[in-house]
Protein chains: 2
Amino acid sequence: MKLRQLEYVVEVIKQGLNITNAAGSLHTSQPGISNQIKALEEELGVSIFERNGKHITRLTRAGKDLVGHFVRVLEEVEVIEKTAADYADPNRGSLTIATTHTQARYVLPSIITQFVEKYPDVSLHIHQGTPTQIAEMTATGMADLAIATEALELFEGLCLLPCYRWNRCVMVPKGHPLVKEHLLTLEAVSQYPIITYVFGVADRSVINKAFLERGLDFNVVLTAADAEVIKTYVRNGLGVGLVARMAYDRKQDQDLQVLDAGHLFEASVTSLAIRRNVRLRDYIYDFIEMFSPHIKRATVEEAMAVNDTKLQQALFEEHVAKAKTR
Amino acid sequence: MKLRQLEYVVEVIKQGLNITNAAGSLHTSQPGISNQIKALEEELGVSIFERNGKHITRLTRAGKDLVGHFVRVLEEVEVIEKTAADYADPNRGSLTIATTHTQARYVLPSIITQFVEKYPDVSLHIHQGTPTQIAEMTATGMADLAIATEALELFEGLCLLPCYRWNRCVMVPKGHPLVKEHLLTLEAVSQYPIITYVFGVADRSVINKAFLERGLDFNVVLTAADAEVIKTYVRNGLGVGLVARMAYDRKQDQDLQVLDAGHLFEASVTSLAIRRNVRLRDYIYDFIEMFSPHIKRATVEEAMAVNDTKLQQALFEEHVAKAKTR
DNA sequence: AGTCGTTACGATGCCCGTAAGGATA
DNA sequence: TATCCTTACGGGCATCGTAACGACT
């Protein structure tokens, strides 16, 4: 039995039982995979794949039973490699962060700056996407960690850590009538056309919920996936922007006026997700702590060790309570 | 990284950091191991062993951290092999039982007979030894399961399942004065020289405890490791035998008389031990159930899954309650 | 002097990639 | 016909065992 053989089997399954595609993604030849899998099957004395003529149709019962163990072996091998890398050179390696526009544009820059200064030999990659894409990238191992406010909890195999609490603000052009309001109210805001996030980004549903609970009609004239686009239309006078508070840039947004809306909406929590059963490099633990100081290495390891779904939920709630407001 | 390299490292450690011995036990050459380990260290970028000139002195910090993972990979590989073997041919394979004389001679024969009839293609091995040896053989994987009354609980990495409860009897030559006693008492027994087990076998301490609690002097003239030896001296008139009840053989021991002593001593429990994190072949589960019908496959798997020492203890006690008297 | 690990070297055999063959949709 | 897996084959490379070397106890 060879590790390569296990990898091949797992990749063929990942590629939907297609050896050709697996060969492509593993940068090797079809016959190589075909032969190795056959050799493995012969050594084990059981077929892993059911073949109809010259096509793979599905896993055999033995195959289904075995694949889980294959995956566990390969996961453990990965742990070995990462552990060794940390001893070999704790400050060299790569870090891939999957995140949303909001985090990448407004929250991460200062932390990233700190991080690259401390770890100049770590090559950093930021993948931007929707919360769902982010979660998937992390679950499949393409990214080391995910940072987002939504949809991370949906993925099996991810370990979730709440980082910070945030709320929204209203952005208007200078001199807008809303500025004169003594204390901003939902009623006042609802008088104007609203520009805000699309659903699935930045916990949009919280906004709808707030208006609906007060029985207010509100007119969303435009939705966008990120605050920069929203701000552009606010500048054009299309309506009032309803965005995350951290999306306000003191220097670049001097032509806009910000009205805090923290008292109008339920706070949202931005979380960080990592794949379970993975060893993180030392510098990743450090990054996490830079990003969210209350999450120490021990906190992460504790959360990773919890396997029961209910306990996970309980631990998550406990951490939510500790998350500070940004 | 190759599985063979991981095996080599683990074996070298098992052999007390001696490559030469590891080569011997793995049936390969020293240079092969030396080179493979060096290749692994190079690939991982860290030294696993500390070398003083040309001698291995100890594990490096990285080595200590990594070896645990190596072992886990190899354990999982073993699970794969056993699982595959069960699909390939569920009734072919081998079963190695490590046990004491008492079990091997008096308890196992009937079960073994049943078993070989049901599984003629399983090659059966019985290793006899002291409880400590038995436990060690099982912990190191030399034996699939251990059956004994003592010392099994001392080994980390073993999963313990209570099988049955048993007690002792007094064996005397025909016509011995003790036979006339209406109900056997410790006082009566203590009047005669006693022949029984050595310490460390068949829960000998229970015997001492019973006499001491009653404040009785008792005279052990001879101790032996197994009941056959004890019976021989009883036949020679050296004293009365105090042995496990199941050591009485109706046919061969017709010249001896048996007096039950179940009311005089605390019952002992014979247990079965298996190594943790191991997949057992289907027929081994069947053997266990033949041996101890209340232990089903699910019972074993449940006990194996419990990792916390205290919970293990609790589960064990619970099973002890279910163990029947033989 | 003996034990033990490393280096050197030649032969074996495994594995990879290319090319061709056959089966299915 | 297009897709896809298998078989066949030749070249390259890793690995194994023997033998010699060097270091430590």
Side-chain angles (χ1 to χ4, degrees), chain A residues 1-60 62-64 66-67 70 73-74 77 81, chain B residues 1-60 62-64 66-67 70 73-74 77 81:
Chain A
M1 189 182 319
K2 279 157 202 156
L3 290 173
R4 199 172 332 109
Q5 297 172 331
L6 306 187
E7 278 170 33
Y8 284 1
V9 170
V10 170
E11 187 61 29
V12 167
I13 293 168
K14 265 193 191 159
Q15 297 290 338
L17 302 179
N18 184 316
I19 294 188
T20 308
N21 293 353
S25 85
L26 292 171
H27 306 291
T28 182
S29 67
Q30 288 133 350
I33 296 192
S34 191
N35 285 328
Q36 287 303 322
I37 290 181
K38 181 163 287 189
L40 177 63
E41 289 180 323
E42 190 148 332
E43 181 182 342
L44 294 178
V46 290
S47 297
I48 294 167
F49 296 109
E50 249 174 42
R51 292 160 172 85
N52 182 0
K54 296 216 169 177
H55 284 248
I56 289 177
T57 56
R58 56 174 187 168
L59 282 168
T60 61
K64 278 181 203 155
L66 289 170
V67 169
F70 291 1
V73 168
L74 297 175
V77 166
E81 284 165 349
Chain B
M1 189 183 317
K2 279 158 203 156
L3 289 173
R4 202 177 323 113
Q5 296 172 330
L6 306 186
E7 279 170 32
Y8 284 1
V9 170
V10 170
E11 187 61 30
V12 167
I13 294 167
K14 266 193 191 159
Q15 296 290 339
L17 301 179
N18 184 317
I19 293 188
T20 309
N21 293 352
S25 84
L26 292 172
H27 307 290
T28 184
S29 66
Q30 289 133 349
I33 297 192
S34 191
N35 285 328
Q36 286 303 322
I37 291 181
K38 180 163 290 189
L40 177 63
E41 289 179 323
E42 190 148 331
E43 182 183 342
L44 293 179
V46 290
S47 298
I48 294 167
F49 296 110
E50 250 173 40
R51 294 162 172 83
N52 182 0
K54 297 217 169 178
H55 283 250
I56 290 178
T57 57
R58 55 174 186 168
L59 282 167
T60 60
K64 277 181 202 154
L66 289 171
V67 169
F70 290 3
V73 168
L74 297 175
V77 166
E81 285 166 346

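Here the structure is a predicted model, which is why all the values come from computation and not from measurement. Note on naming: letters A, B, ... go to the chains in the order of the sequence lines (proteins, then strands), and numbering restarts at 1 for each one.
- A donor-acceptor contact shorter than 3.5 Å links the side chain of A/Thr60 to the backbone of A/Ser47.
- If you take NE2 of A/His55 and C1' of C/dG21, they are 14 Å apart, rounded to a whole angstrom.
- Checking D/dT6, C/dG5, D/dT15 against every side-chain atom of B/Lys2, the shortest atom distance belongs to D/dT15.
- Rounding to whole angstrom units, CG of residue A/Asn21 and C1' of D/dT3 are separated by 11 Å.
- Expressed to the nearest 0.5 Å, how far CZ of A/Arg4 lies from CD of A/Glu7 amounts to 8.0 Å.
- Relative to the side chain of B/Arg4, the nucleotides C/dG5, D/dC16, D/dC5 differ in distance, and D/dC16 lies closest.
- Remark: P of C/dG5 and CD of B/Gln15 are 11 Å apart, rounded to the nearest angstrom.
- The listed nucleotides are C/dT6, D/dC5, D/dT6; the one nearest the side chain of A/Arg51 is D/dT6.
- In this structure, B/Tyr8 does not reach the D/dT15 phosphate: none of its side-chain N or O atoms is under 4.0 Å from OP1 or OP2.
- We find the CD1-CD distance between A/Ile56 and A/Glu50 to be 11.0 Å, quoted to the nearest 0.5 Å.
- In this structure, the CD1 atom of A/Ile56 is 14 Å from the C1' atom of C/dT24, given to the nearest Å.
- Here the CG-CD1 distance, from A/Leu59 to A/Ile13, works out to 4.5 Å after rounding to the nearest 0.5 Å.
- Between the side chain of A/Glu43 and the backbone N or O of A/Met1 there is at least one donor-acceptor pair closer than 3.5 Å.
- Of the possible polar contacts, none joining the B/Gln36 side chain to the B/Lys2 backbone as a donor-acceptor pair under 3.5 Å is found.
- Taking atom CG on B/Asn52 and atom P on D/dT25, their separation rounds to 6 Å, with Å as the unit.
- DNA chain C lies under 4.0 Å from at least one heavy atom of each of the following residues of residues 23-42 of chain A: A/Thr28, A/Ser29, A/Pro31, A/Gln36.
- In this structure, B/Asn18 reaches the C/dG5 phosphate: one of its side-chain N or O atoms is under 4.0 Å from OP1 or OP2.
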